[in-house]
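Following: one structure in structure tokens, then a few remarks.
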Protein chains: 2
Amino acid sequence: MNVEERIKTVGKIPMERRTIIHFMLVANTINEQMAQALKPFDVSIQQFNVLRILRGQKGKPANLSTINERMVTKMSNTTRLVDKLILKEYVERNTCPSNRRKIEILITLKGNEQLSKMDAIVSETETNLLQQFSTNELEQLNILLNKFQS
Amino acid sequence: MNVEERIKTVGKIPMERRTIIHFMLVANTINEQMAQALKPFDVSIQQFNVLRILRGQKGKPANLSTINERMVTKMSNTTRLVDKLILKEYVERNTCPSNRRKIEILITLKGNEQLSKMDAIVSETETNLLQQFSTNELEQLNILLNKFQS
DNA sequence: TTACAATAATTGTATATACAAATATACTAA
DNA sequence: TTAGTATATTTGTATATACAATTATTGTAA
């Protein structure tokens with residue numbers, strides 16, 4: 001991808017600005033391809049992320065704050081995100097008996113089955129996105145990603 | 001940033017998946033910091049992006065499809081995005097006399113003034129985000145970004 | 001000229017997201 | 001016990017975004 005061509009600019013862009021723009025263009029590509037891959041399952045990237053978190057719990061229920069803490073993109077409304085997953089019968093929600101402020105969220109069998117299928121397609125998408133990277137280059141990229149000030 | 005710690009996972013993540021997650025975590029950081037930097041001006045990142053595109057036109061008006069084509073994150077509704085900028089009096093809109101299907105969008109003096117101020121703060125944010133990168137590392141990063149399959 | 005296709009923008013609708021305020025429950029110190 | 005504080009989630013509201021349908025205008029071929 002040629003950044004200047006993509007954003008159709010003629011003037012010179014400072015290296016730092018160019019890098020940030022380039023980065024965000026790639027991030028958008030990743031997002032689009034992931035969203036596209038998940039479309040047949042009618043779940044958003046965020047919903048998929050929540051399902052993965054719940055599977056990682058291995059049967060142990062998670063509450064909303066745990067989920068939010070682990071999400072890649074934190075959204076300010078995990079309640080409604082989970083609502084959508086309940087409607088699809090991918091997760092179930094119960095109030096925690098020991099602490100009734102908390103709720104317990106569990107992935108259902110149906111959710112797990114669908115998630116396996118999503119996983120396969122998402123992996124394919126990841127492999128496709130990164131097909132030009134050697135193992136060494138992937139490591140290099142991760143090292144550079146670590147340099148971003150957060 | 002330690003990815004595994006951030007998403008609080010214990011199991012091993014495949015290198016490709018880890019890279020994508022890492023990438024998106026950084027992309028979110030960039031977005032948050034940019035949005036924060038622009039907050040005092042009451043414009044979104046997308047609105048800022050449109051203002052920059054209009055300034056790049058150097059007085060020549062742009063129509064909606066031109067703007068959309070040049071945006072970093074294409075959104076499916078540039079009409080309403082421009083509406084917001086008109087409300088703030090940062091841009092003005094006229095129907096193109098030679099082709100009345102098109103509209104001409106221009107940045108106003110007020111828009112240009114505000115944009116200069118935004119630019120300064122956004123540059124600061126960019127520098128801050130990339131402060132740990134040497135020039136060589138920035139080049140390396142841009143080369144790796146080019147390897148993503150789009 | 002007129003019908004049809006192409007182009008450009010707008011509008012409708014559903015969902016997503018950010019942020020603040022409200023609600024419900026539990027904990028704690030007087 | 002009770003008042004106040006902390007925790008956990010939910011709700012309200014505004015804005016953002018995706019996608020499809022609609023409207024307006026222009027170009028073109030019969």
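Here is the naming used below: chain letters follow the sequence lines, and residue numbers restart at 1 for every chain. Fair warning: this is a prediction, and the values are worked out from it, not measured in the lab.
- Distances were taken from every side-chain heavy atom of A:S44 (C-beta onward) to each of C:dG12, C:dA16, D:dT15; the shortest belongs to C:dA16.
- Donor-acceptor pairing under 3.5 Å, judged by distance alone, is absent between the side chain of A:R101 and the base of D:dT9.
- At C:dT7, none of the side-chain N or O atoms of B:S65 fall inside 4.0 Å of OP1 or OP2 (strictly under the cut-off).
- Regarding contacts with the backbone of C:dT10, a side-chain N or O of B:R93 is found under 4.0 angstrom from either OP1 or OP2.
- The pair A:E137-B:K147 counts as a salt bridge, with a side-chain nitrogen and a carboxylate oxygen less than 4.0 angstrom apart.
- Atom CD in B:Q36 sits roughly 12 Å away from atom P in C:dA18 (whole-Å rounding).
- Of the inter-residue distances, the one linking B:I20 atom CD1 with B:F148 atom CZ reads 5.5 Å to the nearest 0.5 angstrom.
- Counting heavy atoms from C-beta outward, B:F48 and B:L115 have side chains that approach closer than 4.5 Å.
- In this structure, B:T66 and A:S76 both approach DNA chain C, and ranking their closest nucleotides by distance from the 5' end singles out B:T66.
- The NZ atom of B:K102 sits 13 Å away from the C1' atom of C:dA6 (whole-angstrom rounding).
- The CG atom of A:D42 sits 14 Å away from the C1' atom of C:dA16 (whole-angstrom rounding).
- For B:M75, the side-chain atoms get nearest to D:dA18 when compared with the rest of D:dT10, D:dA18, C:dT10.
- Using a 4.0 Å cut-off, no side-chain N or O of B:K74 falls inside it from OP1 or OP2 of D:dC19.
- Rounded to an integer number of Å, the gap from B:N77 CG to C:dT13 P is 14 Å.
- Looking at heavy-atom distances under 4.0 Å, A:Q47 makes contact with sugar-phosphate atoms alone, never a base.
- Across the interface with DNA chain C, nearest-nucleotide mapping of A:V43 and A:C96 shows A:V43 to be the residue nearer the 5′ end.
- Taking 4.0 angstrom as the limit, B:K39 places a side-chain polar atom (N or O) nearer than this to OP1 or OP2 of C:dC19.
- For B:R80, no side-chain nitrogen or oxygen approaches OP1 or OP2 of D:dC19 to under 4.0 Å.
- Among C:dA16, C:dA18, C:dT10, the nucleotide with an atom closest to any side-chain atom of A:K84 is C:dA16.
- Taking atom CG of B:L38 as the reference point, atom C1' of C:dA18 lies 15 Å away to the nearest angstrom.
- Listed nucleotides C:dT10, D:dT25, C:dA26 differ in distance to B:R100; the shortest reach to its side chain belongs to D:dT25.
- In this structure, A:N94 places its CG atom 16 Å from C1' of D:dA8, rounding to the nearest Å.
- Distance CG (A:D83) to P (D:dT10): 7 Å, rounded to an integer number of Å.
- Contact annotation: B:Q46 reaches the phosphate of D:dT17 (side-chain N/O to OP1 or OP2, under 4.0 Å).
- A salt bridge between A:E4 and A:R18 is present, with a side-chain N of the basic residue lying under 4.0 Å from a carboxylate O of the acidic one.
- One finds no salt bridge joining B:D42 and B:K84 here, because no Lys/Arg side-chain nitrogen approaches an Asp/Glu carboxylate oxygen to under 4.0 Å.
- The heavy-atom pair separating B:V72 from A:L25 by the smallest distance is O-CD2, 3.6 Å.
- If you measure from atom CD of B:E69 to atom C1' of C:dA9, you get 15 Å, rounded to the nearest angstrom.
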